[in-house]
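Accompanying notes for the structure given below.
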Amino acid sequence: MQIKDLIPWARKGEASEGKTNETNPIASLQREMNQVFENFWTRFGRPFGTLDWPWGQSEAKSDVVQTDNAVEISIELPGMEMKDIEVSVADDMLTVKGEKRIERQEEKKGYYLSERSYGSVYRAIPLPPGVDGSKAEASFKNGVLTLRLPQTPEAQAKVRRVEVKAG
């Protein structure tokens with residue numbers, strides 16, 4: 001007996017024996033196991049460090065825009081409050097940390113409900129050279145954190161427009 005005799009999909013002429021992969025229980029098990037692993041990597045194939053939000057999002061969505069004199073960043077943090085958020089700038093890196101804890105208890109006649117949900121976000125955004133982190137401004141409104149980091153005058157002076165001509 002050879003190893004290929006134990007693996008049904010490795011056998012040749014199986015269809016002529018009256019068995020197909022559709023009716024073979026081992027081949028069916030193989031397909032189901034492949035599907036389990038494919039579903040796992042589709043769902044959990046995100047980078048390590050991203051945690052599920054209790055309200056369904058997998059990571060905080062953000063926009064980074066560089067204007068003529070500043071870098072403007074907006075990060076969606078739905079359900080969070082200002083006290084839940086920590087923002088820092090160090091060595092050309094903006095770091096936003098947040099943690100939300102939702103606890104709810106309800107007791108009425110005939111039942112008692114207790115729910116807890118926790119989620120955290122950690123976002124590190126590299127900043128371009130010439131950003132003045134000491135003059136950063138932040139505001140938080142309607143679940144959106146908006147940061148404005150002005151560029152240093154030296155960085156603004158280095159920007160030179162290049163004329164584009166039809167070729």
Supply the atom-to-atom distance [X] [atom1] to [Y] [atom2], rounded to the nearest 0.5 angstrom.
| X | Y | atom1 | atom2 | value |
| --- | --- | --- | --- | --- |
| Leu29 | Asn34 | CG | CG | 9.5 Å |
| Ser62 | Ile73 | OG | CD1 | 8.0 Å |
| Arg31 | Ile26 | CZ | CD1 | 12.0 Å |
| Ile75 | Ile85 | CD1 | CD1 | 9.0 Å |
| Thr67 | Gln151 | OG1 | CD | 6.5 Å |
| Lys97 | Ser88 | NZ | OG | 6.0 Å |

Quick one: do Val144 and Tyr122 end up in the same hydrophobic cluster if we chain Ile, Leu, Val, Met, Phe, Trp and Tyr together by side-chain heavy atoms under 4.5 Å apart?
no
Side chain proximity check, Asp92 to Pro126, heavy atoms < 4.5 angstrom:
no
What's the shortest heavy-atom distance between [X] and [Y], and which atoms?
| X | Y | value |
| --- | --- | --- |
| Ala136 | Leu149 | CB-CD2, 3.7 Å |
| Met80 | Val121 | CE-CG1, 4.0 Å |
| Glu81 | Lys100 | OE2-NZ, 4.0 Å |
| Gly133 | Val89 | CA-CG1, 3.9 Å |
| Lys135 | Pro150 | O-CD, 3.4 Å |

More than 12 non-hydrogen atoms from neighbouring residues, nucleotides or ligands closer than 6.0 Å to CE on Met82, yes or no?
no
Check the pair Lys61 / Glu76 against salt bridge (charged side-chain N to carboxylate O under 4.0 Å, His left out), numbers first and verdict last.
CA-CA 5 Å; Lys61 295 186 178 17; Glu76 296 177 12; 6.0 Å; no
Ion pair check, Glu115 and Arg104, cut-off under 4.0 Å
yes
For Leu147 and Val87, what are the C-alpha separation, side-chain angles and deciding distance, and is it a side chain to side chain contact (heavy atoms under 4.5 Å, CB included)?
CA-CA 9 Å; Leu147 299 133; Val87 179; 3.6 Å; yes
